[in-house]
Amino acid sequence: METYTKIAELKSRLAELKMKEGKTIGFVPTMGALHQGHLSLLSLCKSTCDITLASIFVNPTQFNDKADYQRYPRTPENDGEMLKSAGCDIIFVPGEEEIYPEKDSRIFDFGKLDKVMEGKFRPGHFNGVAQVVSRLFDIVNPDKSFFGQKDFQQVCIIKNMVRQLNLSVEIVVAPTVREPDGLAMSSRNMLLTKNQRIEAAKISQALLYAREHAFKTPVNELAGEVIRRINSSPELEVEYLEIVDAGDLQAVSGWDDAGEIFACVAVHAGKIRLIDNVQLK
Ligand code: PAF
């Protein structure tokens with residue numbers, strides 16, 4: 001596995017692989033603290049691209065809360081070992097000065113997409129995601145890039161950004177990987193206390209309840225019941241639960257309001273914030 005920290009060196013290696021050897025490049029951007037969810041992206045990437053490249057960069061511009069940025073888990077040695085044994089070909093681990101030699105003052109316009117859910121409760125978050133992902137795409141110029149369905153709204157935003165910037169990268173979305181008790185895998189799970197971790201299984205259980213009862217129960221009633229089930233745990237508090245049209249991410253009020261409908265949730269377990277979603281239609 002080759003490791004690069006400098007853009008110029010990575011670019012010259014990629015030019016060799018693409019131009020001289022005609023290889024296709026698959027890209028898995030990450031913020032490290034890797035888990036099985038990341039490995040599933042890597043394995044999808046490996047099966048469809050000649051070269052698998054992963055980046056590790058905890059992007060400061062997407063954290064609207066400084067304490068959250070500082071608290072974000074960093075496990076560089078373990079990440080390196082995991083990527084190596086997963087057969088990753090190249091890792092890019094840039095410093096902040098490499099990605100942002102100057103302050104990035106670009107403001108993206110995502111219309112209604114970033115005014116709801118994560119965008120509403122974490123103002124500026126998706127602008128920061130778009131800044132870093134567009135910068136990484138510019139450096140790597142991948143044929144395909146891989147993202148997890150757990151970050152459902154992020155996927156919508158990145159697809160929109162790719163269209164706005166007229167990029168040729170194909171965005172591939174992989175299903176959420178879950179722990180045996182159903183909790184969606186997330187780097188933040190390692191920050192949970194033992195009891196919070198046990199109780200966090202209630203989030204996916206409540207979403208499964210929503211899937212089983214969709215269509216049989218009015219949308220608002222179902223949303224209320226999902227919130228009630230999660231909040232029944234003393235360790236958990238729902239920040240939002242939205243039942244939305246997958247196209248524009250706006251809340252629906254009836255099951256016929258959209259072709260594809262998702263339930264999306266953000267939950268506080270103490271200081272740790274967890275998100276999850278499930279397709280209902
Ligand atoms: O999903 C993530 O881990 C991050 O938001 C991403 C896409 C790597 C950008 O920093």
Side-chain angles (χ1 to χ4, degrees), residues 4 7 10 25-42 44-45 52-66 68-76 78-79 82-83 86 88 90-96 98-100 104 106 108 110 113-114 117-119 121-142 144-162 165 167 169-177 184-191 264 266 272-277:
Y4 295 87
I7 294 172
L10 176 67
I25 309 291
F27 178 40
V28 181
T30 83
M31 297 205 298
L34 302 181
H35 50 70
Q36 291 300 321
H38 295 110
L39 294 190
S40 79
L41 300 179
L42 236 8
L44 198 55
C45 183
T52 293
L53 188 159
S55 64
I56 299 179
F57 178 65
V58 185
N59 172 40
T61 73
Q62 72 187 73
F63 288 83
N64 59 316
D65 173 0
K66 213 171 172 189
D68 188 27
Y69 172 66
Q70 274 152 359
R71 197 188 302 127
Y72 198 82
R74 289 157 173 90
T75 56
N78 191 49
D79 293 346
M82 280 176 81
L83 289 172
C88 183
I90 300 180
I91 59 172
F92 179 45
V93 194
E96 199 178 323
E98 199 68 6
I99 296 295
Y100 299 118
D104 191 338
R106 288 174 299 160
F108 290 81
F110 293 114
L113 291 182
D114 66 347
M117 302 193 288
E118 292 303 282
F121 287 93
R122 301 180 68 190
H125 167 64
F126 287 120
N127 200 63
V129 169
Q131 286 176 341
V132 77
V133 175
S134 61
R135 179 99 177 102
L136 290 167
F137 282 177
D138 184 47
I139 296 163
V140 176
N141 193 12
K144 296 183 187 203
S145 187
F146 297 79
F147 295 86
Q149 177 71 26
K150 185 183 80 76
D151 297 304
F152 169 70
Q153 192 174 8
Q154 169 170 279
V155 168
C156 296
I157 294 282
I158 289 171
K159 285 183 175 169
N160 185 286
M161 182 197 82
V162 164
L165 301 178
L167 304 178
V169 56
E170 180 190 338
I171 302 301
V172 183
V173 184
T176 302
V177 180
M185 288 203 185
S186 161
S187 304
R188 293 175 195 269
N189 292 354
M190 64 178 81
L191 301 174
C264 303
I272 311 308
R273 195 171 171 281
L274 303 170
I275 59 171
D276 199 355
N277 65 80

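Counting starts at 1 for both ligands and their atoms, in listed order. In this text, all values refer to a predicted model and were calculated from it rather than measured experimentally.
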> In terms of side-chain heavy atoms, does N59 have a donor or acceptor partner in Y72 at a distance below 3.5 Å?
Replying inline: no
Within the side chain of [X], is there an N or O that forms a donor-acceptor pair under 3.5 Å with the backbone of [Y]?
| X | Y | result |
| --- | --- | --- |
| E98 | I7 | yes |
| Q153 | L113 | yes |
| T176 | A184 | no |
| D79 | L34 | yes |

> Once the angle between the rings of F110 and F108 is folded into 0 to 90°, is it parallel (under 30°), tilted (30 to 60°) or perpendicular (over 60°)?
Replying inline: parallel
N/O pairs closer than 3.5 Å, ligand 1 and protein:
from: ligand 1; atom 1: 1 (O); to: Q154; atom 2: NE2; distance (Å): 2.8
from: ligand 1; atom 1: 5 (O); to: Q62; atom 2: NE2; distance (Å): 2.9
from: ligand 1; atom 1: 5 (O); to: Q154; atom 2: OE1; distance (Å): 2.7
from: ligand 1; atom 1: 10 (O); to: Q62; atom 2: OE1; distance (Å): 2.6

